[in-house]
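Contents: one structure, followed by commentary.
When a residue number appears, it is its place in the shown sequence, counting from 1. Model, not experiment: these values are computed from the prediction.
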Amino acid sequence: MATKAIPPTPRVEILANSGLSFIPAEFVRPQSERQHLQDSLNKNPCGVEIPIVDLGGFSSEEGRRRRCVEEVMAAAEEWGVMFLVNHGVPEELIERLQAAGKGFFELPVDEKEKYANDQSRGQIQGYGSKLANNENGILEWQDYFFHLVYPPEKTDLTIWPTQPADYIATTTSFAKELRALASKMFSILSLGLGLDQNKLEAELGGQDDLLLQLKINYYPPCPQPELALGVEAHTDVSSLSFILHNGIPGLQVFKNGAGWITAPLVPNSIIVHVGDALEIISNGRCHSVLHRGLVTKENVRISWAVFCEPPREKVVLRPLPELIGKGEVARFEPRTFAEHLEGKLFKSRVEGCGEKAPVD
């Protein structure tokens, strides 16, 4: 019986369900990356662990509040990533969000295609298989759904999935809760940098213009996970990024001196990354973390990433004068967020490890 031909670069889900034993060449990572993927899920180096921060302390008495600020700031400076517990987003709402996202990706591909984006025409919101081009032309083993979720007056509900039936209501509620968490994180980081509590949020767009973009990443089982990546090594262009997942490990962050660290599973937590925009305005005090996403042979991985982005043209990203100490210089040239997006490249400056190039 003849095997049905698969069209060029189909949805990754179609590839994964086609019975392939070997992945197409356009998904195979360079040799310099593959040697690290072989044992990428091995135990982390002894004593090297991503920080866990209890945000409950920020609403407590002065001593605990101060320790919370210090812990968040230390994690932002040393790692650029942390787990947040007691973050205030209801666990029941997170579970509903995850069920809605999972339900969408369980729809037949033909149903999902009704929400397909068209990047060639600049329509990036919607269902797709590649969010951005890279230097090497290698594809990532993922499908995704990407859309603006906050503020409400700037969202386009006509492109949001209507299946599952509660997708819109649940995602809207989650976006509101996460926006409050973002404000709390900006306040904590402002205090940690010695600034007025409201300074960072105001500099990055404020209540009216700071955007929340949601990307649901769907990573089907991969027949050769040692050769592919769900998301290649990169830093986020955002100010902060919040990450949820479906309980399948795969997020890795790069730590100088330790290499790639696989994020463990921390119950009832939300992962937060520092992105380029915050690194720029903090003059490098906050560390925009290099990270990547692995795939597995047996399991579907799903992650929910929410990117807090300044408005593209309204805000000029530049190191805050208050954070340029005596005898120091501004490490980054001023640029709008749009200009930063246009010039963004994911490059390695340490052979074989994927360490990021400077944001500027």
Side-chain angles (χ1 to χ4, degrees), residues 1-42 101-102 104-113 116-117 119-120 124 126-146 215-234 243 245-254 259-263 290-305 345-348 351-354:
M1 182 177 176
T3 302
K4 185 178 179 181
I6 298 174
T9 59
R11 299 303 183 197
V12 176
E13 179 184 356
I14 295 176
L15 282 175
N17 293 335
S18 68
L20 289 175
S21 298
F22 305 96
I23 63 174
E26 58 265 32
F27 289 93
V28 177
R29 307 306 304 182
Q31 182 62 43
S32 60
E33 293 182 56
R34 297 204 302 268
Q35 60 189 351
H36 295 280
L37 289 174
Q38 294 283 348
D39 59 353
S40 56
L41 286 177
N42 285 354
K102 179 174 180 286
F104 172 77
F105 278 99
E106 287 175 345
L107 295 173
V109 172
D110 287 348
E111 286 295 312
K112 294 194 283 284
E113 290 291 356
N117 60 16
Q119 293 190 61
S120 66
I124 63 172
Y127 173 61
S129 297
K130 181 76 179 166
L131 188 61
N133 294 325
N134 55 18
E135 291 185 286
N136 53 32
I138 299 173
L139 299 178
E140 298 165 333
W141 193 264
Q142 66 153 292
D143 298 325
Y144 66 85
F145 195 92
F146 178 78
K215 183 171 179 246
I216 309 175
N217 301 297
Y218 181 83
Y219 310 105
C222 178
Q224 294 178 292
E226 72 279 5
L227 300 182
L229 281 170
V231 179
E232 65 184 5
H234 67 286
I243 312 292
H245 56 78
N246 68 334
I248 305 298
L251 171 67
Q252 288 195 316
V253 300
F254 188 81
W260 287 105
I261 306 297
T262 301
L290 186 75
H291 57 286
R292 66 185 185 182
L294 306 179
V295 292
T296 74
K297 194 168 187 175
E298 299 83 13
N299 299 308
V300 171
R301 283 191 62 231
I302 308 177
S303 66
W304 289 257
L345 292 174
F346 303 151
K347 290 185 177 179
S348 169
E351 184 178 356
C353 78

Quick one: does [X]'s side chain have a donor or acceptor within less than 3.5 Å of a partner on [Y]'s backbone?
| X | Y | answer |
| --- | --- | --- |
| His291 | His234 | yes |
| Gln252 | Trp260 | no |
| Asp143 | Arg11 | no |
| Arg301 | Ile248 | yes |
| Lys112 | Phe105 | yes |

Distance check, rounded to the nearest 0.5 Å: [X] atom [atom1] versus [Y] atom [atom2]?
| X | Y | atom1 | atom2 | value |
| --- | --- | --- | --- | --- |
| Leu139 | Ser129 | CG | OG | 9.0 Å |
| Glu111 | Glu106 | CD | CD | 14.0 Å |
| Leu227 | Glu33 | CG | CD | 11.5 Å |
| Phe254 | Ile261 | CZ | CD1 | 9.0 Å |

Sole residue of Tyr127, Tyr218, Phe104 in ring pair (Phe, Tyr, Trp, His ring centres under 6.0 Å) with Phe145: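 Exactly one candidate clears the test, Phe104.
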Minimum heavy-atom separation for [X] to [Y], with atom names?
| X | Y | result |
| --- | --- | --- |
| Leu37 | Ala228 | CD1-O, 3.7 Å |
| Ile216 | Gly101 | CD1-CA, 4.2 Å |
| Pro221 | Ala16 | O-CB, 3.5 Å |
| Asn217 | Gln142 | OD1-OE1, 3.2 Å |
| Pro220 | Trp141 | O-NE1, 3.0 Å |
| Gln224 | Ser21 | CG-O, 3.9 Å |

Quick one, [X] and [Y] - any side-chain contact, counting heavy atoms below 4.5 Å?
| X | Y | answer |
| --- | --- | --- |
| Leu251 | Ser303 | no |
| Ile138 | Pro30 | yes |
| Tyr219 | Thr296 | no |
| Pro223 | Ile23 | yes |
| Lys102 | Asn246 | no |
| Phe27 | Val12 | yes |

Steps toward side chain to side chain donor-acceptor pair (under 3.5 Å) verdict (Asn117, Tyr144): CA-CA 10 Å; Asn117 60 16; Tyr144 66 85; 2.9 Å; yes
Matching residue for Arg29 among Glu226, Glu232, Glu140 - test: salt bridge (Lys or Arg N to Asp or Glu O under 4.0 Å):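 Single pass found, and it is Glu232.
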